[in-house]
Enquirer: 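I am attaching a structure below and will ask some questions about it afterwards.
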Amino acid sequence: MLAGLLVLLGLDWWFPLPPAPLYSPVVLAQDGTVLHAYLNPTQKWRMKTELREITPVLRKAIIEKEDRWFLWHFGVNPVALVQAAGRNLFGRGRTTGASTITMQVARLLEPKERTFSNKLLEMARAAQLEVHYSKDEILQLYLNLVPYGGNVEGVKAAALLYFQQPPDYLSLAQTVTLAIIPNRPRGLVLGRNNAAVLQERNRWLRRFGAAGLFPAPAVADALLEPLEVQRHAAPTLAPHLSRRLVRQFPRQAIIRSSLHRAKQHKAEDLTHNYVRRLQELGITQAAVLVVNNRTRQVEAYVGSADFRDYGGQGQNDGVVAVRSPGSTLKPFLYALALDRGLVTPKQMLPDVPTNFQGYRPENYDKHCNGEVTLERALAYSLNIPAVRVLNQLGVPTFTDKLRQAGFANVTRNRSQLGLSSILGGCGASLEELTNLYVTLADSGQYAPLQYRAPHPQASNQLVSPAAAFLTTDILAQLTRPDLPLGAASSMRLPKIAWKTGTSYGRRDAWSIGYNKQYTIGVWVGNFSGQGSPALSGAEVATPLLFDLFNALAYNSPNNWFVPPAALDFRLVCAASGLVPGENCPNQVIDYFLPTISSGQRCQHVREVLVSADGSFTYCRACAPAAGYRREWYPNLLPEVAAYKEAQGIPYRRLPPHNPQCQLVRGGPERAPNITSPTANTEYVLNRHEQQQLLLTCTTDNEVRQVFWYVNDKFLRAAAAAERVFIQPPPGPLKISCADDHGRNTNVLVTVTELD
């Protein structure tokens, strides 16, 4: 034994084992079926057959036909060698080499010319293989290397390319067919010589039946099975994810993905057919991601409408491409603001033209509403309230949360992002955005998406379950402008929460939705970046989202999100959404987060001392002893009052203040707010075109007149909401505005003239 061990060690040293075969990379679905296969580096279809795929039928047929004593010999069958030598020496019978399955594996691993010396090497290698591998592993190697004609090698590749089934799904007749071909791969070519293959198959079936290898009824049925087979293309489902996984795991022959085969096939078909109808509108591509909320596994991954569409750049992966996210980040922003106690669903937010330190956002329809509740601002995807909330929350706080949610582009450019990021002024991918909505569906819990078998992942609570539920509750509303035309009356409208987005220039259309079980993200556009007038999240992306939910999640459990215990109800003033004050007769029920949501009292109206004839008001300092009355007037924010004034929207305005009162009332916080020009900004004007500078301000709603100054020199008086134009001199300018109550504010700007 010691001598034998030394011989084997010496054999390994002098005669090292050949490298493992180069297999065709294969990507599997959840159920183990092949989604996508690639040629191996030598341009052969050689797919690795797993041990579980070697069925007892295949095992019996191969051993009976090729090497009956396979389980008993040590790589070389001496009896067979003697018999073969006698036949070859005396010329009796068929000339054979007495090769065992193990010897054939040795020859297939290292193809050599068939000579006597190479036969001796083959025998030595077979003995070496028997030491290093079990019988099952040697049989597996054999089945992975046997030729089937052309560039097809291995039983798995043959089963998939000819029968479109893995080896363990084949019938007895199909299994025997694959067992008999390797000895004559050039003469028995499936698809070309089916008649010869059928004849040989039936001959061996009868032999196996006579030997009692398989039951007689099974053999009889197999003999009746027709052989109408041809070569098919290799499976090509999920090409984008398959390419991604093969690059990520370059040395793996078999990669198990998280994809669900039926869902992947359906998602690809729906996307391809849907985009084909959009091509006349100048829209050529779409991408889809389907995620199981419970496991975080991606069950369908469509990177483009057609991978083979070279004109439309179909090989680009729209799931990972960085694009402008449009308005899709707004739900996450409002969830963060709810967690900070900055807002509640029914709290009123100003929706008026606003200058945020030089940034003037506009709503999608160029229209303002004065004041809207948070839930309406989100359901209608209004831009100005979203920017206002982000300004309150702080851009660094928002971008830091996106960093925690895996937004790579946002992480790289955090220092350069501003308020425009909430309207699509940052880069994001469909993969990142979809997982953000999975986070909302999973009670605010973030974890990375999984593309392979599930394994534990570090998670992070990005928003509270209460904030996630409130956001979901708003996104599930059907009274909204981004509901596709005719969808409200459709019987096929799925029960989901969703949000749309459209990037600047109509280059990207987004629609991302979720229910309790699934989250689906959809992007529609062109990989070239070209926009289209028809490209919008509501009209282009959402119909595909609804189709996907109806097709992929039609049997999802009919349950919905329930309010977490941390949420509670309270009465709020309908006019402000705040805790009712003394003069809030109209009240509604609103959700709030105890100990977190603001307890600020409503002050949407204020008490004012008015003269008996109602012509002017008094302050406390100038009120007479008698002859006045107390009345309640709207306590509007200055910018809301200015907007209503400019739009001619009727509201109850305060009468002018007592002209006899000489006291300056109110602190600097109630001074006019200069909205144009923007402080600390350089304005470049063309002298020949006589360009002018606009002066505007917002004031308290009791202000009637303001007074403008340039470099401390009086310019002119104007109505509070009036737009004033000046042709300023070049150089530094001090712009001042005082109201009719003596309150003053200044901004400094620089004017540069071009010749």
Side-chain angles (χ1 to χ4, degrees), residues 240-241 267 271 285-293 296 298-304 316-336 378 381 386 390 398-399 401-414 417 420-442 444-451 460 462-463 468 471-472 475 482 496-504 507-515 518-525 527 535-538 540-542 544-545 548-549:
H240 296 89
L241 180 61
T271 305
Q285 286 297 347
V288 169
L289 201 62
V290 180
V291 183
N292 186 307
N293 296 333
R296 242 13 184 258
V298 173
E299 296 192 353
Y301 186 116
V302 183
S304 70
N316 287 354
D317 190 346
V319 171
V320 297
V322 176
R323 318 285 294 188
S324 167
S327 297
T328 55
L329 292 173
K330 288 176 183 174
F332 189 62
L333 166 68
Y334 287 125
L336 292 174
L378 177 53
S381 196
L390 179 58
F398 181 62
T399 55
K401 283 292 185 179
L402 292 179
R403 176 190 62 79
Q404 295 177 41
F407 280 66
N409 190 268
V410 170
T411 301
R412 283 193 299 270
N413 302 310
R414 284 177 63 199
L417 296 179
S420 65
S421 58
I422 194 57
L423 306 183
C426 61
S429 68
L430 179 63
E431 180 179 46
E432 294 165 344
L433 290 169
T434 303
N435 199 17
L436 195 64
Y437 283 74
V438 177
T439 299
L440 292 175
D442 195 20
Q445 191 85 10
Y446 169 81
L449 294 179
Q450 299 195 42
Y451 295 100
N460 182 19
L462 291 186
V463 297
T471 307
T472 299
L475 294 179
D482 60 352
I496 60 171
W498 86 97
K499 181 72 182 74
T500 61
T502 306
S503 68
Y504 179 77
R507 294 182 174 89
D508 308 280
W510 306 86
S511 191
I512 308 174
Y514 57 94
N515 59 15
Y518 290 104
T519 297
I520 300 178
V522 172
W523 169 85
V524 180
F527 286 143
L535 204 59
S536 74
V540 171
T542 301
L544 178 56
L545 177 74
L548 287 163
F549 263 106

Enquirer: Taking the side chain from Ser511 and the backbone from Thr500, do they hold a donor-acceptor pair closer than 3.5 Å?
Expert: no
Enquirer: Any donor-acceptor pair under 3.5 Å linking the side chain of His240 with the backbone of Asn316?
Expert: yes
Enquirer: Walk me through whether Ile496 and Leu545 qualify under side-chain contact (heavy atoms from CB on, under 4.5 Å).
Expert: CA-CA 10 Å; Ile496 60 171; Leu545 177 74; 3.9 Å; yes
Enquirer: Please round to the nearest 0.5 Å and tell me the distance separating atom OH of Tyr514 and atom OG1 of Thr472.
Expert: 2.5 Å
Enquirer: Within the side chain of Asp317, is there an N or O that forms a donor-acceptor pair under 3.5 Å with the backbone of Val319?
Expert: yes
Enquirer: Quick one: sort the Tyr451 and Tyr301 rings into parallel, tilted or perpendicular, breaks at 30° and 60°.
Expert: perpendicular
Enquirer: Can a donor-acceptor pair be found, under 3.5 Å and without considering hydrogens, that links the side chain of Trp510 to the backbone of Ser324?
Expert: yes
Enquirer: Which atom names give the shortest non-hydrogen contact between Leu544 and Ala286, and what distance separates them?
Expert: CD2-CB, 4.5 Å
Enquirer: Can a donor-acceptor pair be found, under 3.5 Å and without considering hydrogens, that links the side chain of Gln404 to the backbone of Leu462?
Expert: no
Enquirer: To check you understand the geometry: which heavy-atom pair defines the closest contact between Thr434 and Gly521, and what is its length?
Expert: OG1-CA, 3.5 Å
Enquirer: Would you give the length of the straight line joining atom CZ of Arg414 to atom CZ of Arg412, rounded to the nearest 0.5 angstrom?
Expert: 13.5 Å
Enquirer: How long is the straight-line distance from CG of Leu433 back to CZ of Phe332, given to the nearest 0.5 Å?
Expert: 11.0 Å
Enquirer: Quick one: are Leu402 and Ser421 in side-chain contact, heavy atoms under 4.5 Å?
Expert: no
Enquirer: Using 0.5 Å steps for rounding, measure from the CG atom of Asn293 to the CG atom of Asp442.
Expert: 7.0 Å
Enquirer: For the side chain of Lys330 and the backbone of Ser381, is there at least one donor-acceptor N/O pair under 3.5 Å apart?
Expert: yes
Enquirer: side-chain contact (heavy atoms from CB on, under 4.5 Å) between Cys426 and Thr399: does it pass, once the steps are laid out?
Expert: CA-CA 10 Å; Cys426 61; Thr399 55; over 6 Å; no
Enquirer: Report the distance from atom CG of Leu440 to atom CG of Asn435, rounding to the nearest 0.5 Å.
Expert: 10.5 Å
Enquirer: Okay, side chain of Asn515, backbone of Tyr518: is any donor-acceptor separation there less than 3.5 Å?
Expert: yes
Enquirer: In the structure I gave you, are the side-chain heavy atoms of Asp482 and Thr542 within less than 4.5 Å of one another anywhere?
Expert: no
Enquirer: Carefully, step by step, assess Val463 and Tyr446 under the rule side-chain contact (heavy atoms from CB on, under 4.5 Å).
Expert: CA-CA 9 Å; Val463 297; Tyr446 169 81; over 6 Å; no
Enquirer: Holding to ring pair (Phe, Tyr, Trp, His ring centres under 6.0 Å), I want the full list of residues that pass it with Phe527, two or more places apart in sequence or in another chain.
Expert: Trp523
Enquirer: Indicate the atoms forming the closest heavy-atom contact of Gly537 with Thr502, along with that distance.
Expert: N-OG1, 2.9 Å
Enquirer: Spell out, as yes or no, whether a donor-acceptor pair under 3.5 Å connects the side chain of Ser503 to the backbone of Asp508.
Expert: yes
Enquirer: If you measure from CG on Leu289 to CD1 on Ile520, what distance do you get to the nearest 0.5 Å?
Expert: 9.5 Å
Enquirer: Go through the steps to decide whether Arg296 and Thr519 satisfy the test side-chain hydrogen bond (donor to acceptor under 3.5 Å, both in side chains), and finish with yes or no.
Expert: CA-CA 10 Å; Arg296 242 13 184 258; Thr519 297; over 6 Å; no
Enquirer: Would you name the heavy atoms of Ser304 and Gln285 that are closest together and state the gap between them?
Expert: CB-OE1, 3.3 Å
Enquirer: Quick one: does Leu378's side chain get under 4.5 Å of Lys499's, heavy atoms only?
Expert: yes
Enquirer: Does the Asn413 side chain pair with the main chain of Asn409, one donor and one acceptor, at a distance under 3.5 Å?
Expert: yes
Enquirer: Please walk me through it: do Thr328 and Tyr437 pass side-chain hydrogen bond (donor to acceptor under 3.5 Å, both in side chains)?
Expert: CA-CA 9 Å; Thr328 55; Tyr437 283 74; 5.1 Å; no
